[in-house]
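Structure first, commentary second.
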Amino acid sequence: MADAPVRLRFAPSPTGHLHIGGARTALFNWLLARKLGGTFVLRLEDTDAERSTREFEREILRDLAWLGLIWDEGPDVGGPHGPYRQTERADLYRALAERLLASGHAYRCTCSPQRLEAVRAEALARGEKPRYDGHCRDLGLGPSCGPHVVRFRMPGDGVVAVHDLVKGPVEIRDEELDDFVLVRSDGLPTYNFAVVADDHGMGITHVLRGDDHLNNTPKQVHLYRALDAEPPRFGHMPLILGPDGKRLSKRHGATSVGAYRDLGFLPEALVNYLARLGWAHGDLELFDIDELVRVFSIEGIGTSAGRWDMDKLMWVNQHWIARLPVERVARDAAPFLAALGLTGPFDDSRAHLAVDAVRSRARTLVQVATMAAFCFLPDERLPYDDAAVRKFLVPDAAPLLETVLERLKRLPSWERASIEGAISEWLQASGLGLGAVAQPVRVAVTGSRVGPGLFETLEALGRDRSLARLERGLGMARDGALHGV
RNA sequence: GAUCCCAUCGUCUAGGCAGGUCAGGACACCGGGUUUUCAUCCCGGCAACACGGGUUCAAAUCCCGUUGGGAUCGCCA
């Protein structure tokens, strides 16, 4: 690549949550910017006054940051090409529109929405592509023509050929295009106008966006030409579809980044999965964000739409839950622990032991929290699995529990190695197998028949609780004898 | 309907641009092993070049068509 520094952007509209499709677009642009040592710009396309809110804006910024996609220029941090909200750039659009009007590349149009609708319906009825019929094109309407929009004067006879960064050469004939609206009657720019004005004004060099924008590209290229400007390099990425191959919607479940965070997914997992959906680097599956920056390339971007696959996301999440530093996982799991009504601290060494013990069997942070709950629950609130109790806290188990309790009580220090030492020593001497004792002990201290290794479990639970629950379990086992269960 | 894009296991994909390993990896699924339960981990299995033509000694790979899927056709973005 040349010396000219590249500039990429992500330009969401704050009319909703950060969607996973948008997140992937942001990720790819961010990756390319980082890969090429360029700048990543965040711009808010908030010209839809009806639906844009500051609340959504805050949420989008928060979620992008959560994913680790930090911007160099943006509405909150500023930069040399601001402002970074389209509603704050009205003067720029106005000036540009005047320029286009003056040069004859645009004209005023007073057609009513009703007339437009009629024209559209007529075209459709004839089986044609609905397009503006150019009614006002040559009327030479001036500024005082009343309520009007500004339309772009499409040349109409050539072909726009763009070399798409991911799809290769794409051609669209001008006759397919119509005189689209640049400035609405309320004076605000439309998307196609604002995006060109801003990408040009902000010196954007590369644009990676969804396939759904491919059809907008020729219009935008014409605008660049009318502005006598060089368009950026475009790359259109395939869309993310639902598991059924249909457009992804709420119907398919969670579609926003925030929803996945709330479901217990790590940002590392979402980034990893999003990257692999529509992009590949040989046979490799697992990447952290730094590795992605290192190996990312446009050539690796695929051409066909991908389907959202929860199972694969789960697997990736499970991988990062198991591999990230335990402190990180514990920190991210804390809100989920709290949501279970448990009380912390969730960031001390005990909490780390608990999270570390359960994380290899969790696919989400919700599961981490649920599985680690036995460590944080007061003894009297520990739930017992009925079937487990009936099967393992039986009279036969009483003497075993008694011995375990006795030996553990005598332990001078409470850590995995010493616990294991005490128990295996006894097992060895008595000829018993660990299998015979592990389950009764596990059920006594966790209430469940499944869980981490026994010694990790006891270590994480801590001496006092372990002994107290063993005591209680012993009572339950004897009780079983009393009732002949 | 018109235009544009796309097409390898159920899913994500490698391979395609520079045709020549009975198409490789991963998820899911099935089976087995390790193990202290459940997981992790390890081993094995199932499973695909949408179809039809062409070019060629040779096509998943290049070309055309068909079919299928998706996107777009707003004073939304």
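As the structure is a prediction and not an experimental result, all values here were calculated from the model. Numbered from 1 within each chain, the chains take letters A, B, ... in sequence-line order. Basis for what follows: all heavy atoms, side chains included, without hydrogens, waters or symmetry-related copies.
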What interatomic distance, in whole Å, is found between C1' of B:G25 and the corresponding atom of B:G54? 33 Å

Which sits closer to the 5' end of RNA chain B, A:Arg247 or A:Pro238, going by the nucleotide each is nearest to? A:Pro238

Basic-acidic side-chain contact under 4.0 Å: A:Lys129, A:Asp178: no

Note: A:Arg126-A:Glu122 ion pair, threshold 4.0 Å (strictly below): yes

With a non-hydrogen cut-off below 4.0 angstrom, is A:Leu454 in contact with a base, only sugar-phosphate, or nothing? base

Heavy atom of residues 178-197 of chain A under 4.0 Å from RNA chain B: which residues? A:Val181, A:Arg184, A:Ser185, A:Thr190, A:Tyr191

In Watson-Crick or G-U wobble terms, both distances under 3.5 Å, what is the partner of B:C57? B:G20

Mind checking A:Gly278 for me? I need base, sugar-phosphate or nothing, with any heavy atom below 4.0 Å counting as a touch. sugar-phosphate

Under a 4.0 Å threshold between the charged nitrogen and the carboxylate oxygen, would A:Arg115 count as salt-bridged to A:Asp133? yes

Heavy atoms under 4.0 Å, any strand shown: does A:His236 hit a base, just sugar-phosphate, or nothing? nothing

For atom C1', what is the distance between B:C64 and B:A26, given to the nearest Å? 35 Å

Would you indicate what A:Glu45 reaches in the nucleic acid, counting non-hydrogen atoms under 4.0 angstrom: base, sugar-phosphate, or nothing? sugar-phosphate

Could you check whether A:Phe28 and A:Phe296 have their ring centres less than 6.0 Å apart? yes

Any base atoms under 4.0 Å from A:Pro243, or only sugar-phosphate, or nothing? Heavy atoms, all strands. nothing

With sequence neighbours left out, what residues match A:Arg361 under salt bridge (Lys or Arg N to Asp or Glu O under 4.0 Å)? none

Residues A:Arg43 and A:Glu45 bridged, charged N to O under 4.0 Å: yes

Compare all side-chain heavy atoms of A:Leu470 with those of A:Leu408 and state whether any distance is below 4.5 angstrom. yes

Could you tell me which non-hydrogen atom of A:Leu286 sits nearest to which non-hydrogen atom of A:Glu291, and how far apart they are? O-OE1, 4.1 Å

When we call it a touch if two heavy atoms are under 4.0 Å apart, what does A:Gly245 touch: a base, just sugar-phosphate, or nothing? sugar-phosphate

Would you please name every residue forming a side-chain hydrogen bond (donor to acceptor under 3.5 Å, both in side chains) with A:Glu402, sequence neighbours left out? A:Arg478

How far does the C1' atom of B:A18 sit from the matching atom of B:A2, given to the nearest Å? 38 Å

Taking the C1' atom of each, how far is B:C6 from B:G16, in whole Å? 15 Å

Taking all heavy atoms of A:Val441 and all of A:Leu454, pick out the closest pair and write down the distance. CG1-CD1, 3.7 Å

Taking any strand in view, what nucleotide pairs with B:A50 in a Watson-Crick or G-U wobble way, both distances under 3.5 Å? B:U66

Whether A:His319 and A:Trp315 hold their rings parallel, tilted or perpendicular, with breakpoints at 30° and 60°: tilted

Heavy atoms only, 4.0 Å cut-off, all strands: where does A:Thr47 land among base, sugar-phosphate and nothing? sugar-phosphate

Positions of residues 314-326 of chain A (non-hydrogen atom under 4.0 Å from RNA chain B), listed by number: A:Trp315, A:Gln318, A:Arg323

Please work out if A:Gly453 contacts a base, only the sugar-phosphate, or nothing of the nucleic acid, heavy-atom cut-off 4.0 Å. base

Pair A:Asp186 + A:Arg184: basic N to acidic O under 4.0 Å: yes

All heavy atoms of A:Ala436 vs all of A:Leu400, minimum pair found to be O-CD1, 3.9 Å

Who does B:G1 pair with, Watson-Crick or G-U, both distances under 3.5 Å? B:C73

Nearest-nucleotide 5' precedence on RNA chain B, A:Ala280 against A:Ser112: A:Ala280

Quantified in whole Å, what is the P atom distance between nucleotide B:C63 and nucleotide B:G24? 25 Å

Could you check whether A:Arg276 gets within reach of a base, just the sugar-phosphate, or nothing at all, counting any heavy atom under 4.0 Å? base

Residues within residues 433-440 of chain A bordering RNA chain B, heavy-atom distance below 4.0 Å: A:Leu434, A:Ala438, A:Gln439

Need the pair for B:G10. Rule: Watson-Crick or G-U wobble, both distances under 3.5 Å, any strand; none if unpaired. B:C27

Span of RNA chain B in contact with chain A (heavy atoms, under 4.0 Å): B:G1 to B:A77

When the P atoms of B:C51 and B:U8 are considered, how many whole Å apart are they? 11 Å

How about A:His213 and A:Tyr191: are their ring centroids closer than 6.0 Å? yes

Whole-angstrom distance between B:G65 and B:C27, as gauged at atom C1': 35 Å

Would you classify A:Arg126 as touching base, sugar-phosphate or nothing, given that sugar-phosphate means primed atoms plus P, OP1 and OP2, and contacts are heavy atoms under 4.0 Å? nothing

Any donor-acceptor pair under 3.5 Å linking the side-chain atoms of A:Gln86 with those of A:Arg89? no

In whole Å, what separates the C1' atom of B:U21 from that of B:A59? 15 Å

Across the strands shown, which category fits A:Arg359 at heavy-atom distances under 4.0 angstrom: base, sugar-phosphate, nothing? nothing

Check ion pair A:Asp288-A:Arg323 (N to O, under 4.0 angstrom): no

